[in-house]
Structure formats: structure tokens, C-alpha cells
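Single-structure report; data block below.
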Amino acid sequence: MKHNNLLLLNKEQLKSVTVLDGPLLVIAGAGSGKTRVITYRIAFLLENGYKQNEILAVTFTNKAAMEMKQRIKKITGLNLRLLTVSTFHAFGVKILKKHGHLLGYKKNFSIYDQPDKDSLIKDILADEGPVKIDNTQLLSNFFSKIKMNQANSEDYEPEVLRLYHRYQANLKAYNAVDFDDLILLPLKLFSSYPDILKLYQDQYRHILIDEFQDTSEVQYKLIKILGRTANSVCAVGDDDQSIYSWRGANFGNIMNFQRDFRGTLEIKLEQNYRSTPVILNAANELIKKNSKRKGKTLRSVKDESEPIIIHMPQNERMEGEWIAEMIRTLLVKHNLKYHDFAVLVRTNHLTKPIEEAFLRDNLPYKVSGGISFFQRREIKDILSYLKILANPDDNINLLRIINVPRRGIGLKTIEKIANSADAKGISIYSLISSLRFGGKDKFEKKILDSLIEFVTLLDYYREKIMHPKKIAVTVKSMIEKINYWGYLLTENKKKQVAQWKYQNIMSLLNSIKDYEYDPDNLSASIYDYLNRITLNTKDEQPDMEKGKVQLMTIHSAKGLEFDTVFIAGLEEGLIPHARALSDDERILEEERRLLYVALTRAKNRLLMTSCKTRRKMGQIEDCNVSPFLEEIPERFYEYYKEKDDEQGDSSVDFFEKFRKKVLQ
DNA sequence: ACGGCTTCGACGGGT
DNA sequence: TCGAAGCCGT
Ligand SMILES: Nc1ncnc2c1ncn2[C@@H]1O[C@H](COP(=O)(O)OP(=O)(O)OP(=O)(O)O)[C@@H](O)[C@H]1O
């Protein structure tokens, strides 16, 4: 590697980058340059003769994967079309596309996201009649657990198991997979077809995993089996930052790694390049309260520190206003850009009052996470059309749009065709198609015509959309044909709303166009596009953040860093979350880790707010500050002091001064 | 079948 | 507080 590149690493990082044989485990605290190790290790491999397709790198999010690829491109100057840097899920899609037929899936399989999964479960429940557990969310979680634990399904009610089997059977019939399948099916494939496994084992000489503390059992099994004969397997992570246990993450995998990969070289990184000493020490003191952890040393390389600021606004409206005001002040004072600021919160809905304050103040911002562009009603409608074009067996998405825009097909008709399709063991789409030839007598003429017109339209556009670089134009013509604009006008009383929604659809068309004309997309197709956006729950454009304050949950801030970080809603019941407290001790420790992750996102400044009252489900409630604040030594923080020329509530001021005195 | 009106339940995190 | 589901009249 070019000499000056290796100079950007400290001694331990350098070792982690250049030792190319055997298993390697880098467990180190926040901001110690772990992600940098992965990035430079890949660059080093490429510059030492390893081919792009001999490397498999796994990251936690698609965005992290894209950014890492870009960094490597910059370092090496290479075109990286054959390098795999992806999430476990995207990797799973790749495998299933190639070999899914061996497990009985067609190439055009659909990937069901959470809403799809929910509607499938609701359909099953509607068909079942009364059952003991009819909560969709609960069942969805159970199904995940049953699927991913594989073994001990005895713990579940026979009824739940029966529903689960129906769920699985329906997925298969619809030629669809859920997110869990994207990990589990490749593993099944590799276990059942040793020759295919060998193919990949031989191919991937070097495997790298970032954020290893948040891999699940099944993901780890996949790494174990793939890495059995690799030259190196390099796992990088921090047990103190494991915050996804509710999704099956198991930081015990760190211990398992040392056990399963004989002769693991363990490297510690103890320099923190990100945060000031005050921020880092506060975080270190907090996380010390956890008992289940690998203790580690972490020293800041910085010397200057500002204290952490705590502010206790009256309510969530004033919290947002204070944050906006502070951003304006700090922006000028420290010559920062809007994107140097982030506001982190525990739950998605907490962003709302902050967003409103930013809007009032004309502060540019971007909310990441939450309801993404692709979750909007109008976008989902169009995407359902695309999904049916791609996979006609997908009953869930077919039923979503069979009467959108309204074409006179109501609940009665739907019930009739669904039952009929079920009885014949064919998809609803096939059943409607077959009505062209027989079984017409069951339907009114008007409805029959409508049904046949529907599938004829889809057949027509399916043929069109398969041609190279014709996705966007086909979709545009289809939207016009079904008169979606007219539908928007009748559905939305305000013409402005309809126009805004139509604009969104135009943005979707542009995103499709960008996708199909991007020369880096070697195999652009409707299938590939749909898979991609299903895995990209969040917005894709990487530059969208520029010049905007970032608003997000702590979970989605993992791995990121900002000059100045606000943590809003530092309240009891939020961190730790009330619903986490009812769980056991381990979950409380995870809540502490969550705050640890939040604190360690900040490079130079950290400000935290805790409201005195907050509106919850319409009701105003009194709030207490998070008990975790007491675990941070007082020498690291101070309460915000209103400026003299501002007419703050003097009793509040008094209270804060008093409180500060008492605490010291 | 459809649109308007009322009532109900959600607000833990996300690939 | 809000959107989805449920109810009712046309
Ligand atoms: N050797 C180094 N010298 C100077 N800066 C470094 C060095 N290594 C990493 N950094 C910088 O430190 C910051 C944190 O690095 P990185 O994101 O790789 O840490 P991390 O361990 O992955 O953090 P986290 O666990 O919080 O995700 C980045 O801004 C990075 O550019």
C-alpha cells in the first residue's frame, strides 16, 4: 500500500490491517478506529494481489457498506465492481438469486418487509376466525423467533405453531421470503449442498465483519461455515455497543469467535480519535456500571474539552426551540456547518416536536429512519404494481392494489376470488387470468370485465418493463394509463396534497431512472431494483445529508460521528425505556449501552435535554431526568445558564442553581 | 361498492 | 395526537 496511507494508522491498527493469515479479533471501544481498520485492511488486501471477488466484507447497514466502498475506492483508486461489501441481508439476496431454485424459489422472488409481513399475518388471522393470540406484532415476533431458533419450538402454543406453518406455507406459495429467510435460507442451502458451499469457501479467501457485537446466532453460523477454510476471518466490534439484542443480536459471539476459530489473534485498540476527554470519560464512567462486559481502556488523543451541557426545558416544544437556538449560536461561534450537528433520540416519534421547532425556525434538517420515502402510501401503491409485474404470485401486493385506483372490486369479490384460488391451489393472479376462459358465470359482467382488464393491463406492462432501460418509461406510462392522478384527486380533498403526492411519484420515477442508467449497476433489472429498495429501508442518496442538521434515533446513529451532538428526551421512561424495564437486568444494561453509544457519537460538544413535562398520547405528564445521568460524575457536566438579557422563568433559574448547589 | 363519519388503539429500537 | 379500522347510509 502507498506509504502515506499506512501512516494514517497507529501501531495496533497497522497490525490489524497487515496480518493476513488466521482469525483476527479486534475488540475495542468507541471511536478507536475499528471501521478504519476494516477499510484499510481491504485496501491492503487489494494492493497485495488479492482479487476483489476473493473478499467478503459485511457491514451493519447498506449506507455503511456504500460509504466503506467509496473510501476504499478513494484509497486504492480502483474500480470496485467485483468487491462485495454488503449487509448480511444483501449478501443473502445475492446467494438466493443464484441458487434459490434449489430450495424451490423462483428467481423473481419477492422480499417481504414488515408491512408485507403484517398483512400476510392479518390475512391468515382473518381466514382463521377467532384464535388465542391475534396480535399481529406479537405473532410477527414469535414467527421470527421460531424461525431463527430453529430447534426448540416446543415452547410455543400449538396454535401459534400452526399459524406459523401457515405463514411459511403462504410465503412459499407467493414465491416470497421475509428478512429472516435472507439469512436462514443461504445457511440451509450451504448445509444441504456441500458443493455449493465449497464454491464460496474457495472463493472468499478473506472475510471481514464490522459491528460484530450485533451479529445474530444465524449470521455467525454463516460466517463460521463460510470462513472454515479462508485465509483470514477478521471480526471487529465492541461489546459495549451491542444494542440490537431484541433483533437477535448476541454479543456472546465475541466469546464464541475465540472458541470456534482456533488461534485467534486478539488486538486491542486503546486510542480514541473521536471525542474530547470529558465526553469520553463521561461515557467510560457510565459504561463501567455494566457487569457483563469485557473491560477496556480508552484514552482520548484530544486535549481541549468543553463540559457537557444539561438543560431542563419545561416541555417538548421548548426543548425543540432551545436546541434550534443553540444550534444557531454554536454554528456561528465555532464556524460549523449544519451537518456538523445531530439530534439523537430514543424513539422515532420524539423527532416530531423537534422537527416542528426546526421548521418554525427555518433550520435545515433531515430525519433519517422513521417513515422513509418508500413507506409513503402513494409510493407503496406504485411499488406494489411493480412487485406484481415482477412476481405475479405475490398475493399480498396484488390485493393491495387490486382496487387502487377504484375499479369496482370490493370485499365480496376479493373473498370470492381468494377462496377460489385457494381451492385450486393457484395464485390469485392466475385465477383471474383463467376467468378469460371459464368460470365466468360466478361474477357480474361489470366486475368480470374489470378483473380481466386488470390482469390484461399488467400482462402488457410486464412485457414492456423487462426490456433494458425501460423501467422508468414503462412505469410512467402505466401510471398514466391507470389514471393514478385522478385517483389522488378523488382521495385527497385538498388539491395541494394530491399534487405533493404526485410529486413524490415523480421523484420515484427519477430514482428509477438514475438506477437504470447508472453504469455501475451491472445487472440492472426490475427484480434487482425492487430487492434493493426493499433492503434500503432508509433513503438512499448519500449526499442528502449535506447542509442539514441530522435527526435520528440512537440506534441508527451507531457507527456515525458528529462535531456536536444533542441528546433529547434524556428522561426516565425513555432511557431506560419503560418497556425495557419490565424485562430483565440484561436489558437494563443494554439501555445503558444505548446511552453509551449516544454519548460517544460526539467529537467536540455534547448537550443533553430532559423535559419537565411531556405530552404522551395526548396527555401532559410530569417527567424525571434519566437515572443514568446520576451515573455520570458531576465534574463532567453543568446545567445550562440562561443569558441575563433573556427573560427566562426566574423560578426555573433558581431551581436549577439550587439543584446544582445541592448536587455538588 | 363507496365515501363520510366515529371510535379505537398506539408510542421501543430496524435489516 | 393521529392514523387505521369499523359503522352506516346511499
Ligand atoms: N490512526 C488514526 N489517526 C487519526 N484518526 C483516526 C485514526 N483511526 C481512526 N481515526 C478517526 O477516528 C474516528 C473514529 O474512527 P472509526 O469510526 O473507525 O472508529 P470505530 O472504532 O469504528 O468507532 P465506533 O465503534 O464508534 O463505530 C474517525 O473520525 C476516524 O477517521
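Each chain gets a letter, A, B and so on, in the order the sequences are listed, and its residues count up from 1. Computation of the quantities below employed the complete heavy-atom set of this structure, encompassing side-chain atoms and omitting hydrogens, waters and symmetry-equivalent molecules.
- The shortest distance between the side-chain N/O atoms of A/R615 and the OP1/OP2 oxygens of C/dT1 is below 4.0 Å.
- Applying the 4.0 Å criterion to OP1 and OP2 of B/dC11, one finds that A/Q137 has a side-chain N or O inside that range.
- In this structure, of B/dA1, B/dA10, B/dG3, it is B/dA1 that holds the atom nearest to the side chain of A/T413.
- Taking only side-chain nitrogens and oxygens, A/T553 comes nearer than 4.0 Å to OP1 or OP2 of B/dG14.
- Side-chain proximity of A/T87 to the nucleotides B/dT15, B/dC11, B/dG14 is greatest for B/dT15.
- The distance from atom NZ of A/K412 to atom P of B/dC2 is 14 Å, rounded to the nearest whole Å.
- None of A/R247, A/K558, A/R593 except one satisfies the salt bridge (charged side-chain N to carboxylate O under 4.0 Å, His left out) rule with A/D214; the exception is A/K558.
- Between A/F60 and A/I447, it is A/I447 whose nearest contact on DNA chain B lies nearer the 5' terminus.
- Using cut-offs of 30° and 60° for the angle between ring planes, the A/Y112 and A/Y174 rings count as tilted.
- Taking a 6.0 Å sphere around CZ of A/R360, one finds it holds more than 12 heavy atoms contributed by other residues, nucleotides or ligands.
- Counting to the nearest Å, the P atom of B/dG13 and the CD1 atom of A/I243 are 13 Å from each other.
- Side-chain nitrogen and oxygen atoms of A/N403 include at least one within less than 4.0 Å of the OP1 or OP2 phosphate oxygen of B/dC2.
- Contact between the side-chain N/O atoms of A/N348 and the OP1/OP2 oxygens of B/dC11 is not found at any separation under 4.0 Å.
- Aromatic ring pairs are classed by plane angle as parallel below 30°, tilted from 30° to 60° and perpendicular above 60°; the pair A/Y220 and A/F212 is perpendicular.
- Straight-line distance from the CZ atom of A/R317 to the C1' atom of C/dT1: 15 Å, rounded to whole Å.
- When the C1' atom of B/dT15 is taken as reference, atom CD1 of A/I183 falls 8 Å away, rounded to whole Å.
- The residue among A/G408 and A/H555 whose nearest nucleotide of DNA chain B is located toward the 5' end is A/G408.
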Walk me through whether A/V343 and A/F358 qualify under side-chain contact (heavy atoms from CB on, under 4.5 Å).
CA-CA 11 Å; A/V343 184; A/F358 286 4; 4.1 Å; yes
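- We find that CG of A/L344 is positioned 14 Å from P of B/dG13, with the value rounded to whole Å.
- At whole-Å resolution of the value, CG in A/N141 and P in B/dG13 are 13 Å apart.
- Taking the side chain of A/F179 as heavy atoms from C-beta on, and the options B/dA10, B/dG13, B/dT15, the nearest nucleotide is B/dT15.
- Which of B/dT15, B/dG3, B/dG14 sits closest to the side chain of A/E491 comes down to B/dG3.
- When the side-chain nitrogen and oxygen atoms of A/R406 are compared with OP1 and OP2 of B/dG3, one or more of them lie within a distance under 4.0 Å.
- Atom P of nucleotide B/dG13 and atom CG of A/L588 are separated by 18 Å, given to the nearest angstrom.
- Backbone-only engagement by A/Y244 is indicated by non-hydrogen atom pairs under 4.0 Å involving sugar-phosphate atoms exclusively.
- Here A/L411 lies in heavy-atom contact (under 4.0 Å) with sugar-phosphate atoms only.
- Between A/K122 and C/dA5, a side-chain N or O to OP1/OP2 separation shorter than 4.0 Å is present.
- An OP1 or OP2 oxygen of C/dT1 is reached within less than 4.0 angstrom by no side-chain nitrogen or oxygen of A/K616.
- Relative orientation of the A/Y200 and A/F91 rings is perpendicular, given thresholds of 30° and 60° on the angle between their planes.
- Nucleotide C/dT1 is matched to B/dA10 when pairs are restricted to Watson-Crick or G-U wobble geometry with both distances under 3.5 angstrom.
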